[in-house]
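Accompanying notes for the structure given below.
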2 protein chains.
Amino acid sequence: MGITKTQHFTEEQNELAVLAKALGHPARIAIIEHLIKVDSCICGDLVNELPLAQPTVSQHLKELKNAGLIKGNFEGASICYCLNEEGFEKIKSFFTLINTYLENRKDQCC
Amino acid sequence: MGITKTQHFTEEQNELAVLAKALGHPARIAIIEHLIKVDSCICGDLVNELPLAQPTVSQHLKELKNAGLIKGNFEGASICYCLNEEGFEKIKSFFTLINTYLENRKDQCC
DNA sequence: ACTATTAATCGTAATATTGCAATATAAATA
DNA sequence: TATTTATATTGCAATATTACGATTAATAGT
């Protein structure tokens with residue numbers, strides 16, 4: 001069916017899934033990494049950085065923006081993107097939970 | 001085309017994307033959370049926990065296993081699953097990078 | 001051996017994602 | 001205002017994902 005049974009899960013679970021899903025494509029990982037590398041917010045030269053056509057990059061940016069992982073600002077004719085702290089905060093607490101668990105885990109059955 | 005241009009990205013980017021993608025579904029988030037909660041490794045009563053049919057749960061478990069986020073062990077007739085530390089280690093370093101960047105970021109343009 | 005029990009696999013329908021050419025929009029500049 | 005530049009949107013083809021019924025495989029207990 002290709003359709004996720006969203007209603008049956010908690011809001012937190014759905015939120016986390018949306019965030020993770022947004023990071024679930026190498027192009028979007030590359031975008032995040034590039035935004036970190038150039039530090040100052042960078043606009044459409046991502047198209048030059050990535051091995052993808054402009055509409056495709058635009059679409060990936062949209063997904064990252066929708067998920068709350070990046071923000072975009074108009075800067076003259078172009079648009080300037082940068083990381084959105086909020087989105088990453090939400091992921092952070094999930095991984096903190098996991099790391100704490102893994103560090104304290106004693107008996108590994110598997 | 002629905003097909004990702006994997007060859008054009010680095011191995012690290014593809015690896016991260018695979019891990020993130022595996023977490024990009026609320027059922028799989030729920031599975032991870034449940035495995036943490038019950039600590040001792042739990043097998044097919046995940047089917048009871050989740051609002052999904054047994055084959056669907058089995059499929060989600062397979063994806064988590066393929067991504068390297070969980071491990072499975074035979075335990076009599078049933079199978080015992082638990083978190084695979086390795087997979088989470090890889091994600092961890094990525095988020096450490098991001099967090100370090102976000103904490104030191106001075107000028108937020110967006 | 002027979003029968004539950006547990007979990008994986010197969011087949012398939014419904015839907016989502018990926019990618020791009022073509023086109024549209026919007027601001028900057030001549 | 002016409003043109004260039006920068007980005008978004010549309011439409012569509014190829015492929016992937018999600019979900020589950022039916023079936024299979026494998027072990028446990030009788």
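For the numbers below, each heavy atom of this structure counts, side chains included, while hydrogens, waters and symmetry mates do not. Naming convention: chains lettered A, B, ... in sequence-line order (proteins, then strands); numbering from 1 in each chain.
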Next item on the list: Provide, to the nearest angstrom, the distance between the CD atom belonging to A:E75 and the C1' atom belonging to C:dA26.
Entry: 16 Å
Next item on the list: With a 4.0 Å heavy-atom cut-off, tell me which residues in residues 57-65 of chain A come close to DNA chain D, sorted by residue number.
Entry: A:S58, A:K62
Check: Does the A:R105 side chain pair with the main chain of B:I36, one donor and one acceptor, at a distance under 3.5 Å?
Finding: no
Margin query: For A:G68, is there any backbone N or O sitting under 3.5 Å from a side-chain donor or acceptor partner on A:N84?
Written below: yes
Note to self: Going by side-chain hydrogen bond (donor to acceptor under 3.5 Å, both in side chains), name the residues that satisfy it together with B:E63, two or more places apart in sequence or in a different chain.
What the structure shows: B:R28
Next item on the list: Verify, without hydrogens or angle tests, whether A:T56 (side chain) and A:L52 (backbone) share a donor-acceptor contact under 3.5 angstrom.
Entry: no
Checklist line | Short side-chain to backbone donor-acceptor contact, B:N14 and B:T6, under 3.5 Å | finding: yes
Next item on the list: Could you identify which residues of residues 9-24 of chain B place a heavy atom less than 4.0 Å from some atom of DNA chain D, listed by residue number, or say none?
Entry: B:K21
Notebook entry, point to check: At under 4.0 Å between heavy atoms, what does A:S78 touch on the DNA or RNA strands: base, sugar-phosphate, or nothing?
Noted result: sugar-phosphate
Next item on the list: Count the heavy atoms of every other residue, nucleotide or ligand shown that sit under 6.0 Å from CD of A:Q7, and state whether that count exceeds 12.
Entry: yes
Next item on the list: Would you confirm whether A:S58, through its side chain, and A:Q54, through its main-chain N or O, come within 3.5 Å as a donor-acceptor pair?
Entry: no
Item checked: Side chains of B:I32 and B:F88 in contact at under 4.5 Å (non-hydrogen atoms) -> yes
Notebook entry, point to check: Does A:K90 have any salt bridge (Lys or Arg N to Asp or Glu O under 4.0 Å) partners at least two apart in sequence or in another chain, and if so, which?
Noted result: A:E15
What protein N or O atoms touch nucleotides 24-26 of chain D N or O atoms at under 3.5 angstrom, if any, and at what distances?
none

Item checked: 5'-most by nearest nucleotide on DNA chain C - B:T6 or B:I79 -> B:I79
Margin query: Ignoring hydrogens, what is the shortest heavy-atom contact between A:A22 and A:A67? Give both atom names and the distance.
Written below: CB-CB, 3.5 Å
Notebook entry, point to check: Between A:R28 (CZ) and C:dG19 (C1'), how many Å, whole number?
Noted result: 12 Å
Notebook entry, point to check: For DNA chain C, what residues of residues 44-54 of chain B have any heavy atom nearer than 4.0 Å?
Noted result: B:G44, B:Q54
Notebook entry, point to check: With the 4.5 Å side-chain cut-off for hydrophobic clustering, are A:I91 and A:V18 part of the same group?
Noted result: no
Check: So does A:Y81 get a side-chain nitrogen or oxygen closer than 4.0 Å to the phosphate oxygens (OP1/OP2) of D:dA8?
Finding: yes
Check: Atom CD1 of B:I70 and atom C1' of C:dA7: how far apart are they, to the nearest Å?
Finding: 13 Å
Item checked: Pair A:E103 + B:K92: basic N to acidic O under 4.0 Å -> yes
Next item on the list: Could you label the plane-to-plane angle of the A:H25 and A:H60 rings as parallel, tilted or perpendicular, counting under 30° as parallel and over 60° as perpendicular?
Entry: tilted
